[in-house]
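Worksheet for the structure shown next.
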There are 2 protein chains.
Amino acid sequence: MIASSAEQLKQLTLAFERFTRRFKVTEATAAMSNSLNALDVQALLFIDDHPGCKLSDVARHLQVAPTTMSSSTDRLVRRGMIERQRPETNRRTVALTLTQAGKDTVAGYMEGYHDACSAMLEPLDPAERADFVRLTLKIAQHET
Amino acid sequence: MIASSAEQLKQLTLAFERFTRRFKVTEATAAMSNSLNALDVQALLFIDDHPGCKLSDVARHLQVAPTTMSSSTDRLVRRGMIERQRPETNRRTVALTLTQAGKDTVAGYMEGYHDACSAMLEPLDPAERADFVRLTLKIAQHET
DNA sequence: ATTGATAATACGATATTCGTATAATTTAAG
DNA sequence: CTTAAATTATACGAATATCGTATTATCAAT
């Protein structure tokens, strides 16, 4: 049976809403063990993806006030996860990079994601897995 | 070229970490317009999925303290999103259900997810879309 | 050189989360 | 049947987080 496009989309939406919820809980659990709050974790992941980014970049991406990100940065610096640097090219800004401890922490989160993804693939047979991964990557690449 | 299973999984993980981050920001934006915080939104979505569930069910699922969930429930009731009921079968518990306003709000979030999913399918051709949806559903069903 | 714009932070007000103690109800034991 | 123990949710206060406003430092432009 072939579902209509609209029906397909609806089902896909439900599935992804669940995936997201699942991942979020996974993340919250991991965060707890590092005593980091949700925002700090998101910031850490973003900085991992954008080394040397400005504080305001993170704030904009995570949709929080600059002051909130400043506090988050304080916490992450205090815990030795990231470093603040004043670039000579523009000394108003603060460039953020992960320390080794920060990288290790991110690796821990990634491991959690990794396990969750592994569980996702479980019900598929090898050919299906290959298809699913291929299509997912095609989508991810398109997102920039 | 066929990637190894381990490599596949690694790439899938990266892709899903991004998807989750994207969805989370989408959600945060929608939440802001309803002036609901992240926890309250997650609670709303869970109650939509489990009508009549107990407060402690939500707390356990979202990995927060019962008192925190109680506060969240207060807020959602105050905003007319959900209703508390004392079931006759066990009057210690509180059964939570969405009001019409709550359902409308959830529908709004779902619309956001819907749009995001729609964008995801865009780079795929019709046959690929069908495959991707089929495999995603197979995974989702397996998750209970 | 001065004015205006940009980037981050200090500080205080409000809101959130959580631990402890408490109240209400159910279950189990005597 | 009565009492003790367990379960479920909440009240309250302490610690923390978020955000708006004001401030400082730097850069850009006239």
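Each chain gets a letter, A, B and so on, in the order its sequence line appears, and its residues count up from 1.
Considering only residues two or more places apart in sequence or on other chains, B:Thr105 meets the side-chain hydrogen bond (donor to acceptor under 3.5 Å, both in side chains) condition with none of them.
Annotation: the span from A:Thr136 atom OG1 to B:Phe132 atom CZ amounts to 4.5 Å, rounded to 0.5 Å. Note that CZ of B:Phe46 is 10.0 Å distant from CZ of A:Arg18, once rounded to the nearest 0.5 Å. Atom CG of A:Asp48 sits about 12.5 Å away from atom CE of A:Met81, to the nearest 0.5 Å.
Ring pair A:Phe16/B:Phe16 is parallel by interplanar angle, where below 30° counts as parallel and above 60° as perpendicular.
Summarising the geometry of B:Val94 relative to B:Leu96, their closest heavy-atom pair is CG1-CD2, 3.6 Å, with the distance given to 0.1 Å. Closest non-hydrogen pair, B:Asp40 versus B:Ser72, comes out as OD1-OG, 2.7 Å.
Near DNA chain D, meaning a heavy atom under 4.0 Å away, the residues from residues 37-55 of chain A are A:Asn37, A:Leu39. Residues of residues 65-88 of chain B that place a heavy atom closer than 4.0 Å to DNA chain C, in numerical order, are B:Ala65, B:Thr67, B:Thr68, B:Ser71, B:Arg75.
Each of B:Thr73, B:Thr93, B:Ile47 was checked for a side-chain contact (heavy atoms from CB on, under 4.5 Å) with B:Leu55, and the lone residue meeting it is B:Thr73.
Contacts classified as salt bridge (charged side-chain N to carboxylate O under 4.0 Å, His left out) and involving residues 79-106 of chain B (residues at least two apart or in different chains) are given here: B:Asp74-B:Arg84. Residue pairs meeting the ring-ring contact (aromatic ring centres under 6.0 Å, His included) criterion with at least one partner in residues 94-131 of chain B, sequence neighbours excluded, are B:Phe23-B:Tyr113.
Contacts between chain A and DNA chain D, taken as any atom within less than 4.0 angstrom of a protein heavy atom, begin and end at D:dA17 to D:dC27.
Applying the 4.0 Å criterion to OP1 and OP2 of C:dT25, one finds that B:Arg91 has a side-chain N or O inside that range.
Between B:Arg92 and A:Asn90, the residue whose closest nucleotide on DNA chain D is further toward the 5' end is B:Arg92.
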